[in-house]
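Read through the structure below, which is laid out as structure tokens, and then see the notes.
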2 protein chains.
Amino acid sequence: MHAPDGNRLAALAALLADPTRARMCLALLDGRAWTAGELARHTGVGASTASDHLSRLVRGGLLAQQRQGRHRYVRLADTRAAHLVETLAAQAEPTPVGERPRNLRTVRADRALALARTCYDHLAGRLGCALTEAMTHRGLLCQDTGFALTDAGLAWFAEHGIPLPRTGRRPLVRACLDFTERRTHLAGAAGAALCRHALASHWCVPAGTGRALRVTDHGERAWRELLGIEASALR
Amino acid sequence: MHAPDGNRLAALAALLADPTRARMCLALLDGRAWTAGELARHTGVGASTASDHLSRLVRGGLLAQQRQGRHRYVRLADTRAAHLVETLAAQAEPTPVGERPRNLRTVRADRALALARTCYDHLAGRLGCALTEAMTHRGLLCQDTGFALTDAGLAWFAEHGIPLPRTGRRPLVRACLDFTERRTHLAGAAGAALCRHALASHWCVPAGTGRALRVTDHGERAWRELLGIEASALR
DNA sequence: GGCACCGTGCGGCGGCGACCGAAGCGTCGC
DNA sequence: GCGACGCTTCGGTCGCCGCCGCACGGTGCC
């Protein structure tokens, strides 16, 4: 019953307005819980500095923490917080062609990330876009007039034993803008369910320590059988 | 082809991390162009300070400017920028019950804003939510499995002479979270078209200097005939 | 119990940036 | 052409905050 408040907006934005805190939140987009020390090393700052940043992010409601023994685990507070970081990151991305210094390792890592990765709790990268496109092509997902599952899409999830939560205020599907592909891919509760199922069925396995995934041979067959996605589309 | 960059994210967030700049962007959510002086008075800072802030927001790509005589008009750069501010503001809103100092004038202004207002380029407030609900109830909009217009919805727009852009990468419909109602309402190209039509037909007219709208008698009849919305639902 | 380790509180340092006032420049109106 | 007006540029001040090193408490391991 009140107009939006500039102070609150500024306070929220200030949480992400520091490069170190921003890097922490981007790292946490993998959906896992990290320890304070891991994040300190990942961002290249001292332990005390990282501790301070994390306290601030928790106090601001962006992160949730959980103490376990002598470790402090933090994760993104909820899907809303994750959605916020995604939105901001997507808007920030349009890099104006600048060729940045790169070495072989970063090229490899970027390439793995571009092929398949998690985006908080759903599948992204070329894989995420390919399956979104395939689902649209097969009439499971309708993008003509919005972004929604069709009846056939609901049936498809049921048929393959992927449970969709009926409950909850969380939207069943949501469009998420991809960093690398510059296209939208499937997010929301259905996107998360599909990602969980893919990991549980070992269609994808984590590659390395980040968010990157590798599609297994088993997974290549599954994607082809279920959605007609050729393995060549994932390279 | 690269992972999201913390520096760019932080730079973008920093644009909104100052209360004065945040207030400026919130004011610009009405979709109009403001002069630098208007924004300076609105935010309560000196002209030189405001000028500095605006330059920074323009340089950051959030605002677009247009010089006209001795005035400098600024507006939100595009719908992406508006979407960003909306998302951030919606997340920032959850005010923890704090009773803030209020006088009669602010109560009146808040009430007008809660009833009907523009949200960048579409209709929001109780009116926006009521028509979104009515369109859903009548099968024009489907929220069961996402957020999309139905065939009947497309026909409804055509039938009432409200042109929907076929072109463009902008999504036809999008769900926007309402500040006051805490519910989603219709945004995207269709929401903008409906808002334009409502203003052109004088179903709503601007009330005061802000984003608030007033539903005319003519408009009350129109909403009832078109979507079965009773006037009592808008009070 | 002793030790290694993870995280936190504190003091201090340095830099960024938000703000203002005054001076300057272009535009509009009489 | 003159003054009024809107905006910008330039110094200068002040407070905030990101960072570190260090000391300390708490936890787990041997």
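Bear in mind that the values here come from a model prediction, so they are computed numbers and not experimental data.
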When only distance counts, do a donor and an acceptor, one from the side chain of [X] and one from the base of [N], lie under 3.5 Å apart?
X     : N     : value
B:R70 : D:dC7 : no
B:R72 : D:dC7 : no
A:S48 : C:dG7 : no

For [X] and [N], give me the distance from atom [atom1] to atom [atom2], rounded to whole Å.
X     : N      : atom1 : atom2 : result
A:M24 : C:dG7  : CE    : P     : 11 Å
A:R59 : C:dT8  : CZ    : C1'   : 13 Å
B:E38 : D:dG6  : CD    : P     : 10 Å
A:Y73 : C:dT8  : OH    : P     : 14 Å
B:Q66 : D:dG6  : CD    : C1'   : 16 Å
A:H53 : C:dG7  : NE2   : P     : 15 Å
B:L39 : D:dG6  : CG    : C1'   : 13 Å
B:L54 : C:dA18 : CG    : P     : 13 Å

Choosing from [options], which nucleotide comes nearest the side chain of [X]?
X     : options               : value
B:V45 : D:dT8, D:dG18, C:dC19 : C:dC19
B:T49 : D:dC19, C:dC19, C:dT8 : C:dC19
B:S51 : C:dA18, D:dT8, D:dC17 : D:dT8
A:R21 : D:dT8, D:dG18, C:dG7  : D:dG18

Heavy atoms from other residues, nucleotides or ligands near NE2 of A:H83 exceed 12 (cutoff 6.0 Å): yes

Over all strands shown, is [X] touching base, sugar-phosphate only, or nothing at heavy-atom distances under 4.0 angstrom?
X     : result
B:A36 : sugar-phosphate
A:T35 : sugar-phosphate
A:D52 : nothing
B:R41 : nothing

Heavy-atom donor-acceptor pair, B:R23 side chain to A:G6 backbone, under 3.5 Å: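 No.
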
Minimum heavy-atom distance B:T43-B:M24, with the two atoms named: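 The pair with the smallest heavy-atom distance is CG2-CG, 3.7 Å.
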
Nearest heavy atoms of A:L123 and A:C195, plus distance in Å: CD2-SG, 3.8 Å

B:H185 and B:H122 aromatic ring geometry - parallel, tilted or perpendicular at 30°/60° bounds: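 Tilted.
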
Verdict with supporting geometry, A:R174 and A:E86, salt bridge (charged side-chain N to carboxylate O under 4.0 Å, His left out): CA-CA 12 Å; A:R174 187 172 67 75; A:E86 281 170 12; 3.2 Å; yes

Closest-nucleotide 5' rank along DNA chain D - winner of A:A14 and B:H71: B:H71

N or O in side chain of B:R67 less than 4.0 angstrom from C:dG26 OP1/OP2: no

